[in-house]
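Here the structure comes first, spelled out in structure tokens, and everything after it is commentary.
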There are 2 protein chains.
Amino acid sequence: MTSAGRQSWRDLRDHIRGRILDQTFRPGDKLPRDEDLAQEFQCARTTVQRAMQALVDDGLVERKRKGGTTVRPDPVTRTTLDIPITRAEIEARGHGYRHHLIDRSTPEAPATIAARFGTPDPGKLLRLRALHLADGQPYVFEDRWVSFDTVPEIAAVDFSQVSSNEWLVRNRPYSRCEVQIYASPCTADEAAIMEVEPGTAMLVLERTTWLDEAPITHVRALHAPGYRLITGEARPGKLAR
Amino acid sequence: MTSAGRQSWRDLRDHIRGRILDQTFRPGDKLPRDEDLAQEFQCARTTVQRAMQALVDDGLVERKRKGGTTVRPDPVTRTTLDIPITRAEIEARGHGYRHHLIDRSTPEAPATIAARFGTPDPGKLLRLRALHLADGQPYVFEDRWVSFDTVPEIAAVDFSQVSSNEWLVRNRPYSRCEVQIYASPCTADEAAIMEVEPGTAMLVLERTTWLDEAPITHVRALHAPGYRLITGEARPGKLAR
DNA sequence: GTTATGAATATGTAGCTACATATAATTGTC
DNA sequence: GACAATTATATGTAGCTACATATTCATAAC
């Protein structure tokens with residue numbers, strides 16, 4: 001709450017959310033119009049608007065012009081997932097970071113990559129396979145494809161020093177990113193690299209990034225057994241909101 | 001773009017984002033103050049504020065009072081994950097949905113559940129194990145614990161008709177949710193239920209939800225091989241923003 | 001030097017106004 | 001009754017103003 005009589009949009013948001021949580025408003029129900037809520041809460045419509053937009057972003061309500069505000073009938077569990085640079089992640093856990101470039105090649109683009117990029121011809125590609133280690137233990141094995149067309153400078157980078165993961169994130173921000181998460185049994189090759197038994201259940205994160213329509217990179221990152229992706233409320237940069 | 005001379009905060013957001021993407025502003029760099037940007041773009045500071053907040057939400061920039069706006073030095077890949085009700089998910093894929101309650105019991109709370117709930121004593125718990133089927137094929141196996149203290153009505157619900165997943169989501173909205181995602185080899189029990197070989201790599205989603213401080217439920221959901229969690233830009237309710 | 005104290009300043013918030021825009025609801029036409 | 005045109009209305013957006021609040025930076029006191 002801010003000083004004295006002023007209503008914060010947060011207070012209003014929390015109040016409405018509370019009414020949704022305590023079933024005063026049930027899924028599908030229509031909420032009062034902004035102006036009525038403003039009157040009820042003795043605040044400006046601006047404030048109601050802000051509170052409502054927050055609830056829309058949370059996936060709790062839907063708003064339509066003239067149609068008014070309704071509680072979403074099909075509730076979803078919505079969370080935010082932050083995937084940091086692997087080095088940062090390992091160091092944040094207090095482990096020593098090291099990475100190792102396994103190989104670097106410029107093979108023909110397989111159809112799967114072209115499909116992921118969404119282009120018929122992905123052009124020349126650089127393939128990098130690298131291992132990230134935490135305290136010397138295999139942590140993440142990444143199999144990456146980078147578009148030479150979109151990122152020509154990559155030819156000159158020495159990836160024995162910087163990981164391609166870090167270099168790309170720092171030097172090639174993307175405008176669109178798609179992530180797929182699934183479990184996969186470890187192949188013999190991968191098992192040798194990750195120092196686990198073949199067939200071990202591994203968490204795989206596939207990420208594809210674009211700059212506008214141009215594909216930047218596609219990575220398939222295999223995570224060591226025991227790895228857990230955690231999503232919470234705490235979204236950096238959104239904490240205080 | 002809106003009519004004629006008016007600047008949309010979206011235009012401004014996209015412009016600034018563009019400057020970050022094209023490296024005009026690099027990680028760690030300081031952006032001009034709101035007022036200067038407003039002047040430069042011939043718009044009100046309100047508009048700059050809105051655009052900036054959008055960039056903060058995207059995890060692209062950080063803002064501090066008096067400190068100004070800076071491009072985030074530690075870029076993260078941020079995505080939004082929507083986990084729908086399992087029935088809705090299966091039906092959206094065009095499959096027939098069916099679910100089967102395997103068993104229902106009220107055992108002592110294991111320490112792991114108490115730990116997840118974050119309470120020393122989680123109170124009396126209901127345990128439900130159920131299988132969701134898509135076109136008759138095992139799709140998700142969920143092992144759920146529900147707090148009787150928080151959700152006493154659950155004792156009376158007939159879960160042979162409605163899945164606990166759906167009942168809870170529809171009747172017990174939460175205020176906080178934590179998700180963990182990992183890969184796990186299938187145990188013999190689980191393998192029998194999911195009709196797969198023991199040891200098969202399975203994607204596991206663990207969800208814990210609270211209403212304020214009171215724990216509602218904890219689920220461990222085992223997904224059939226081939227299942228992929230996909231996160232995209234498209235966030236329902238946030239599409240147009 | 002080191003630590004309080006205070007002023008300066010960039011962002012955060014809320015209110016007001018005015019108008020834009022989508023769409024539900026109504027009316028009119030055949 | 002079915003369909004098209006029109007009106008009414010709830011939300012969306014942007015500008016303005018005023019003040020709140022958190023830091024940084026500079027200054028003063030020890």
Side-chain angles (χ1 to χ4, degrees), chain A residues 1-16 25 28-73 235-241, chain B residues 1-16 25 28-73 235-241:
Chain A
M1 181 82 80
T2 23
S3 67
R6 268 191 124 122
Q7 282 287 339
S8 161
W9 61 269
R10 262 169 263 252
D11 298 335
L12 182 54
R13 175 200 62 188
D14 292 345
H15 182 91
I16 308 261
F25 299 123
D29 282 3
K30 202 164 155 183
L31 266 58
R33 345 174 353 231
D34 288 8
E35 238 164 310
D36 293 345
L37 281 169
Q39 183 124 31
E40 185 185 341
F41 282 86
Q42 288 292 302
C43 67
R45 188 164 79 80
T46 323
T47 308
V48 179
Q49 166 78 18
R50 244 176 293 204
M52 286 305 194
Q53 270 312 326
L55 292 172
V56 169
D57 290 350
D58 287 351
L60 267 177
V61 304
E62 276 169 342
R63 273 161 83 79
K64 262 207 294 208
R65 283 183 176 166
K66 165 92 184 173
T69 310
T70 50
V71 181
R72 276 187 68 145
R235 340 186 195 178
K238 209 170 181 174
L239 269 171
R241 306 193 80 203
Chain B
M1 181 82 82
T2 24
S3 67
R6 269 190 123 124
Q7 281 287 337
S8 160
W9 61 269
R10 260 168 262 251
D11 298 336
L12 182 54
R13 175 200 60 187
D14 291 346
H15 183 91
I16 308 261
F25 299 123
D29 282 3
K30 202 164 155 183
L31 266 56
R33 344 173 354 230
D34 288 9
E35 239 165 311
D36 294 345
L37 281 170
Q39 184 123 32
E40 186 183 341
F41 282 85
Q42 287 293 301
C43 67
R45 188 164 79 81
T46 323
T47 309
V48 179
Q49 167 77 18
R50 245 176 291 204
M52 286 306 194
Q53 270 312 326
L55 292 172
V56 168
D57 291 350
D58 286 352
L60 267 178
V61 303
E62 275 169 343
R63 273 159 82 81
K64 262 207 295 207
R65 283 182 175 162
K66 166 89 186 174
T69 310
T70 50
V71 182
R72 277 186 66 146
R235 340 186 196 180
K238 210 172 180 174
L239 270 171
R241 305 194 80 205

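On a predicted model such as this, the values are computed, not experimentally measured, just so you know. Letters go in sequence order (proteins before strands), and every chain restarts at 1.
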How close or far is atom P of D/dG12 from atom CH2 of A/Trp9, stated in whole angstroms? 15 Å

B/Ser8 vs D/dA14: side-chain N/O to OP1/OP2 distance below 4.0 Å: yes

Respond yes when some side-chain nitrogen or oxygen of A/Arg65 is under 4.0 Å from OP1 or OP2 of C/dT23, and no when none is. no

Interatomic distance, A/Arg50 CZ vs D/dT11 C1' [rounded to whole Å]: 15 Å

A/Thr69 side chain N/O closer than 4.0 Å to the phosphate oxygens (OP1, OP2) of D/dT11? yes

Quick test of your reading of the model: are A/Arg13 and A/Asp57 salt-bridged, counting only N-O distances below 4.0 Å? no

Which is more 5' along DNA chain D, the nucleotide nearest A/Thr46 or the one nearest A/Arg33? Just name the residue. A/Arg33

Mark yes or no for a side-chain to base donor-acceptor pair under 3.5 Å between A/Arg45 and D/dG12, with no hydrogen or angle criteria applied. yes

Within the pair A/Gln53 and D/dG12, is there a side-chain N or O less than 4.0 Å away from OP1 or OP2? yes

Rounded to the nearest Å, what distance is computed from the CG atom of residue A/Asp34 to the P atom of nucleotide C/dA14? 15 Å

Would you mind telling me which residue lines up with the more 5' stretch of DNA chain C, B/Gly68 or A/Lys66, judged by nearest nucleotide? B/Gly68

A/Val71: which of A/Leu60, A/Leu31, A/Ile16 passes side chain to side chain contact (heavy atoms under 4.5 Å, CB included): A/Leu31

Atom-pair distance (NZ on A/Lys30; C1' on C/dA24), nearest Å: 9 Å

Please report, rounded to the nearest Å, how far the C1' atom of C/dC16 is from the CD atom of A/Gln42. 15 Å

Measure from CD on A/Glu62 to P on C/dT23 and round the result to the nearest Å. 13 Å

Spacing of B/Asp36 atom CG relative to C/dA10 atom P, expressed in whole Å: 8 Å

For the student: nearest non-hydrogen atoms of A/Met52 and A/Leu37, plus distance: CE-CD1, 3.3 Å

Under 4.0 Å from OP1 or OP2 of D/dT11: is there any side-chain N or O of A/Gln49 that close? no

Tell me: CZ of B/Phe41 to C1' of D/dA14, nearest whole Å? 16 Å

Quick check: closest heavy atoms across A/Leu12 and A/Cys43, and the distance to 0.1 Å? CD2-SG, 4.4 Å

Check every atom of C/dA14, C/dA22, C/dA24 against the side chain of A/Lys64 and return the nucleotide holding the closest atom. C/dA24

Could you walk me through whether A/Gln39 and A/Glu35 pass the side chain to side chain contact (heavy atoms under 4.5 Å, CB included) test, one step at a time? CA-CA 6 Å; A/Gln39 183 124 31; A/Glu35 238 164 310; over 6 Å; no

Which nucleotide in the set D/dA10, C/dT11, D/dC16 lies at the smallest distance from any side-chain heavy atom of B/Arg63? C/dT11

